Protein chains: 2
Amino acid sequence: MKLGDGVEQAIHSVAMLSGLSEGGVLSAAALAEFHGVSTSYLLKHLQALSGGGILHTVPGPKGGYRLARPAEKITLLDIVLAVEGPAPAFRCNEIRQRGPNPAPDRFFAKPCNISAAMLKAERVYRAELAKTTIADLGAELAEIDDGTIAARSCAFLELHERRTAR
Amino acid sequence: MKLGDGVEQAIHSVAMLSGLSEGGVLSAAALAEFHGVSTSYLLKHLQALSGGGILHTVPGPKGGYRLARPAEKITLLDIVLAVEGPAPAFRCNEIRQRGPNPAPDRFFAKPCNISAAMLKAERVYRAELAKTTIADLGAELAEIDDGTIAARSCAFLELHERRTAR
DNA sequence: GTTAGGCTACTCGGATAGCCACTGTCCGAGTAAAGTGGG
DNA sequence: CCCACTTTACTCGGACAGTGGCTATCCGAGTAGCCTAAC
C-alpha cells in the first residue's frame, strides 16, 4: 500500500493554481521551481490532471495551466483518482475458486465477502477524501497564517503569473 | 495506490485457519494447494503474519500454523498492517519547504494541511478495516451458504488438519 | 504608417531509459517422530 | 518388554533472482508573439 510521490506534487500544484487570479495561468516550470521538483516529472502529473478535467491547458508561449473549475469543486479524491488511476487498491484475484476442487460456479456469482469488505473500506476512504476541497485547504491555511505565507505565494504568483487573451 | 496480491492470500489463509479445531494446525503447503498459489510465496506472508502476532508457528514435522488468538480478535486491519507494513500510504515529502525561497521554519512545526487531510482519510480507512473481524466474515459466509462450501472446507480440513501435542 | 507574412522561441505532449519494490524461488536451520539397539 | 539414542524426514525461516510499475528524462508537435518587409 503505497501512493506515488506524484500525488503530493499534484495536490500542492493545484493548491498553488487556486491562488492565481481569473484568467491567469502558471507554467509547469514555475510550479516545479517553486516546489523544488523535476519539471519533466511534474509535467507528467499535470497532464494527468488535465486529462482528468481538473486543469485546463493553455498551449503556446506564455501558456501554462489553470484550474478547469472553481477550487470549491475540486476535491482531493479528484486529484488522487486522476494521478493514481481509478482502479481500486485491492484487487480480488478470486483465489477461492483456484484450488484443485473448486466449489460450483453459482457460489461465485456474488463477490466474496473479503473483497466486499476491502472495497467497502476503500469507498469510505474515498468518501473522506471527497469531503475536502482545495478551497477548504486554502481557508484552513489562512487561519494559521499571519500573512507571511500568503505574501510569499503572492510574490511568486505576481512574478510568474501570466495573463492570457483567452 | 496498489495493495500487493499477498494481502488477499493472507486473509483467505487466516479465514481458513479460523475453521480448524482447537489445537489443530495447517501446513503452508496445504494452504497454498487449497488456494492454488505458490507455496514459497505464501510462506513469506505467513511469516509476516506470524511476526505480527496473528499466527502461531508450530515447527518440525506435523507442524504448521494456527491462529494466535480467537478469530473475533483478528481484524482485517491487523492482517493488512502485518503484510503491507505499518507505514502510511501517503508520505509527505515536505515539498512546500523545498523551494528556492522557503518560508521560516516556524511554519513547518505543524504538518501541512494536505498531509493532515490525507492521513485523516487513511485513519478512516483503517478504522473501517478494523471493524471487520475474521469471525464476522465466517458468520457472513455461513448465512448465504447452503452447506456446500462448509462441507468442502471441512473435508479439506479433515484431510490436512494435524493435531499437535502442544 | 499599416498590415500581411514569416520566423522565432517558448510551451505542452508523448515516447523513452533507470531504479525500486513486489513477485516468485531456492536452500539451510530446527525439530518432532519413527526406527533401532541395548539393558 | 522398556528405554534411550540415532536417524530421518518434514517443517518453517531467511537469503537469492526476475519482473512490473513508479521515477526521471528527453525530443517532437503546436502556437502566441515578434520581427520584417512590402504596400
Side-chain angles (χ1 to χ4, degrees), chain A residues 1-10 13 17 23 25-33 35-52 55-66 68 80 83-85 87 89-91 93 95 160-166, chain B residues 1-10 13 17 23 25-33 35-52 55-66 68 80 83-85 87 89-91 93 95 160-166:
Chain A
M1 177 112 179
K2 190 169 70 75
L3 269 71
D5 294 345
V7 174
E8 185 184 9
Q9 300 179 15
S13 297
L17 288 174
V25 299
L26 220 53
S27 71
L31 285 168
E33 179 190 357
H35 293 112
V37 297
S38 165
T39 302
S40 302
Y41 186 43
L42 180 61
L43 219 52
K44 186 184 187 73
H45 301 300
L46 293 177
Q47 289 170 20
L49 292 173
S50 180
L55 297 185
H56 182 77
T57 300
V58 176
K62 304 292 182 181
Y65 294 95
R66 70 159 180 262
V80 171
V83 174
E84 290 283 322
F90 182 83
R91 293 164 292 116
N93 294 113
I95 66 174
H160 293 279
E161 183 179 350
R162 300 166 179 176
R163 307 304 298 264
T164 59
R166 44 170 98 164
Chain B
M1 180 113 177
K2 190 169 71 74
L3 269 71
D5 294 344
V7 175
E8 185 184 8
Q9 299 179 16
S13 296
L17 288 173
V25 298
L26 220 54
S27 72
L31 284 169
E33 180 191 356
H35 293 114
V37 297
S38 164
T39 302
S40 302
Y41 187 43
L42 180 60
L43 259 169
K44 189 183 188 70
H45 301 301
L46 293 177
Q47 289 169 21
L49 292 173
S50 181
L55 297 185
H56 181 76
T57 300
V58 176
K62 303 294 181 179
Y65 293 94
R66 70 160 180 261
V80 171
V83 174
E84 290 284 323
F90 182 82
R91 291 165 293 115
N93 295 113
I95 66 174
H160 293 279
E161 182 179 349
R162 300 166 179 177
R163 307 302 298 265
T164 59
R166 43 170 99 167

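We name chains A, B, ... by the order of the sequence lines, and we start the count at 1 in each one. Since this is a predicted model, take the numbers as computed values, not measurements.
- Checked against D/dG13, C/dC12, C/dT31, the side chain of B/P61 finds its nearest nucleotide in C/dT31.
- Residues B/E8 and A/R91 form no side-chain contact, since every pair of their non-hydrogen atoms from C-beta on lies 4.5 Å or further apart.
- Across all strands, B/A28 comes closer than 4.0 Å only to sugar-phosphate atoms, never to a base (heavy-atom distances).
- Computed from coordinates, the B/L26 CG to D/dT11 P distance equals 11 Å when rounded to whole Å.
- Closest of all the heavy-atom pairs between B/Y41 and B/G6 is OH-N, 4.4 Å.
- Note that the CG atom of A/L17 and the CG atom of A/L55 stand 6.0 Å from one another [nearest 0.5 Å].
- Distances shown here put a side-chain N or O of B/R162 below 4.0 Å from the OP1 or OP2 atom of D/dT11.
- Closest approach to the A/Q47 side chain among D/dC12, C/dG14, D/dA9 is made by C/dG14 (side chain taken as heavy atoms from C-beta onward).
- In this structure, B/H160 places its NE2 atom 15 Å from P of D/dC10, rounding to the nearest Å.
- For the pair B/K62 NZ and D/dC12 P, the interatomic distance rounds to 13 Å; values are reported in whole Å.
- Atom-to-atom distance recorded for B/L42:CG and B/H35:NE2 is 8.0 Å, nearest 0.5 angstrom.
- For A/A89, the side-chain contact (heavy atoms from CB on, under 4.5 Å) partners two or more places apart in sequence, or in a different chain, are A/E122, B/M1, B/L3.
- Using a 4.0 Å cut-off, no side-chain N or O of B/S50 falls inside it from OP1 or OP2 of D/dC12.
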Summarise protein proximity over nucleotides 17-27 of chain C in one line of letters, 5' to 3': B for base, S for sugar-phosphate only, - for none, counting protein heavy atoms closer than 4.0 Å.
------BBBB-

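- Looking at residues two or more places apart in sequence or on another chain, you find a side-chain contact (heavy atoms from CB on, under 4.5 Å) between A/S40 and A/S38.
- Spacing between atom NE2 of A/H56 and atom C1' of C/dG13 amounts to 15 Å, rounded to whole angstrom units.
- Between the CG atom of B/L46 and the C1' atom of D/dG13 there is a distance of 12 Å, rounded to whole Å.
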